[in-house]
Amino acid sequence: AQTNGGGIGTYPSTDGGGNFDAPVSAGTWNIRLECNAAAQRGYVNVGNYDYTVVDGVDQNGLVLVFPQVTAHINGTLTDTFGNPLANVGVNAGSGDYDSGCITTDSGGNFQVGVVDGTWILNINDWDLDNLGYAPVGSVWIVISGSDQTTNLVAQPLAPIIGQPRLVAGQFRFNLYGFDARRYRIESSTNMLFWTNLGTNQTSGGTLLFTDPGTSSFTRRFYRAVVVQ
């Protein structure tokens, strides 16, 4: 049980008959299952069990019902290189139902237990930001008796230039950034003074750039700047 403000919590365990006793003080409290235990045992959390408590007055005989999982939302979270993003929080909600406490594994995979209904799948923006990626938008998923698969791709906050390679005497590289954004490609021989080589737009978050002036220099550095 936890106050609606989230500042105070108490964590009783149910006995063999599903009974519990939670010590609380005056305030509005929300009671729900501990999310990891709920997921492990195949239950979907219910978030609308709110109770107003007055000091000195017990509330007895509460009956809380939590549905069992009937389907799953499966998916993988990767970056634009196809690399899996691990330990990123995943949440899905549908009305009063809430998954909670789901994170991607080492392969970027996640599985959310759900029941029939329309669910909104969200990836934790804070976790993505800490890894250097932009937020991934919410995804609406309709569950009707069967599992659904939703794979998501996170785009880097800053453009990333792949390893340049020499092709037909010219340096060529892939740029990875936001989808449908324009990037100015610049080059330098000393990383102090930069020359504009042109502006290109990504498609699907990537673009391929070829430098026709490669043969004129003994060394060459590249960077990308977002134009819009």
Side-chain angles (χ1 to χ4, degrees), residues 1-77 85-131 135-136 138-150 152:
Q2 191 171 52
T3 61
N4 280 356
I8 304 173
T10 181
Y11 304 94
S13 296
T14 55
D15 63 18
N19 304 296
F20 65 91
D21 189 337
V24 296
S25 57
T28 300
W29 292 76
N30 175 263
I31 304 177
R32 61 172 57 206
L33 298 176
E34 196 282 317
C35 56
N36 287 308
Q40 291 170 2
R41 300 187 185 189
Y43 288 97
V44 175
N45 244 319
V46 175
N48 66 341
Y49 289 133
D50 294 323
Y51 298 92
T52 299
V53 175
V54 177
D55 281 340
V57 180
D58 291 344
Q59 295 198 30
N60 301 307
L62 305 180
V63 178
L64 312 183
V65 178
F66 296 90
Q68 288 190 305
V69 169
T70 58
H72 294 89
I73 299 173
N74 302 302
T76 302
L77 177 65
L85 300 182
N87 301 315
V88 176
V90 179
N91 180 268
S94 176
D96 295 323
Y97 297 142
D98 182 18
S99 61
C101 291
I102 307 296
T103 57
T104 57
D105 64 16
S106 59
N109 304 297
F110 60 87
Q111 183 179 75
V112 183
V114 294
V115 294
D116 284 358
T118 300
W119 289 76
I120 304 175
L121 181 70
N122 292 291
I123 304 298
N124 188 292
D125 291 348
W126 179 262
D127 291 344
L128 287 174
D129 184 71
N130 285 338
L131 293 174
V136 174
S138 300
V139 180
W140 292 68
I141 302 169
V142 177
I143 301 296
S144 181
S146 61
D147 293 355
Q148 298 292 326
T149 299
T150 300
L152 302 172

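Side chains included, hydrogens not; waters and symmetry mates left out as well; all remaining heavy atoms used.
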Minimum heavy-atom separation for N87 and D127, please, with both atom names. O-OD2, 4.0 Å
If we ignore hydrogens and angles and just use 3.5 Å, is the side chain of T10 paired with the main-chain N or O of A22 as donor and acceptor? no
Any chance OH of Y43 has more than 12 other-residue heavy atoms, nucleotides or ligands included, within less than 6.0 Å? no
What verdict does the side-chain contact (heavy atoms from CB on, under 4.5 Å) test give for N124 and T103, after you've listed the backbone C-alpha separation in whole Å, the side-chain angles of each residue and the deciding distance to 0.1 Å? CA-CA 9 Å; N124 188 292; T103 57; over 6 Å; no
Hey, mind stepping through D98 and N91 against side-chain contact (heavy atoms from CB on, under 4.5 Å) and telling me if it holds? CA-CA 8 Å; D98 182 18; N91 180 268; 2.8 Å; yes
Okay, side chain of N45, backbone of R32: is any donor-acceptor separation there less than 3.5 Å? no
Can you give me every donor-acceptor pair (side chain of residues 109-122, partner residue at least two apart or in another chain, under 3.5 Å) with its distance?
from, atom 1, to, atom 2, distance (Å)
N109, OD1, T76, OG1, 2.8
N109, ND2, D105, OD1, 3.3
Q111, NE2, N74, OD1, 2.9
D116, OD1, G145, N, 2.7
W119, NE1, V115, O, 2.8
N122, OD1, S138, OG, 2.3

In Å and rounded to the nearest 0.5 Å, what is the CD1 to OG1 distance from I73 to T150? 6.5 Å
Minimum heavy-atom distance C35-S99, with the two atoms named: CB-O, 4.4 Å
Contact between D55 and S25 at the side-chain level, heavy atoms closer than 4.5 Å - yes or no? yes
Nearest-0.5 Å distance, CD of residue Q40 to CD of residue E34: 8.0 Å
Shortest non-hydrogen separation from N30 to G47 and the atoms involved: ND2-O, 2.8 Å
At their closest point, which heavy atom of D125 faces which heavy atom of P135, and how far apart are they? OD1-CB, 3.4 Å
I'd like a table of donor-acceptor pairs (distance under 3.5 Å, sequence neighbours excluded) in which one partner is a side-chain atom from residues 57-68, with atom names and distances.
from, atom 1, to, atom 2, distance (Å)
Q59, NE2, T52, O, 2.6

Any heavy-atom pair between the side chains of L77 and V90 that's under 4.5 Å? no
If you define the side chain from C-beta out and look only at heavy atoms, does anything of D15 sit under 4.5 Å from F20? no
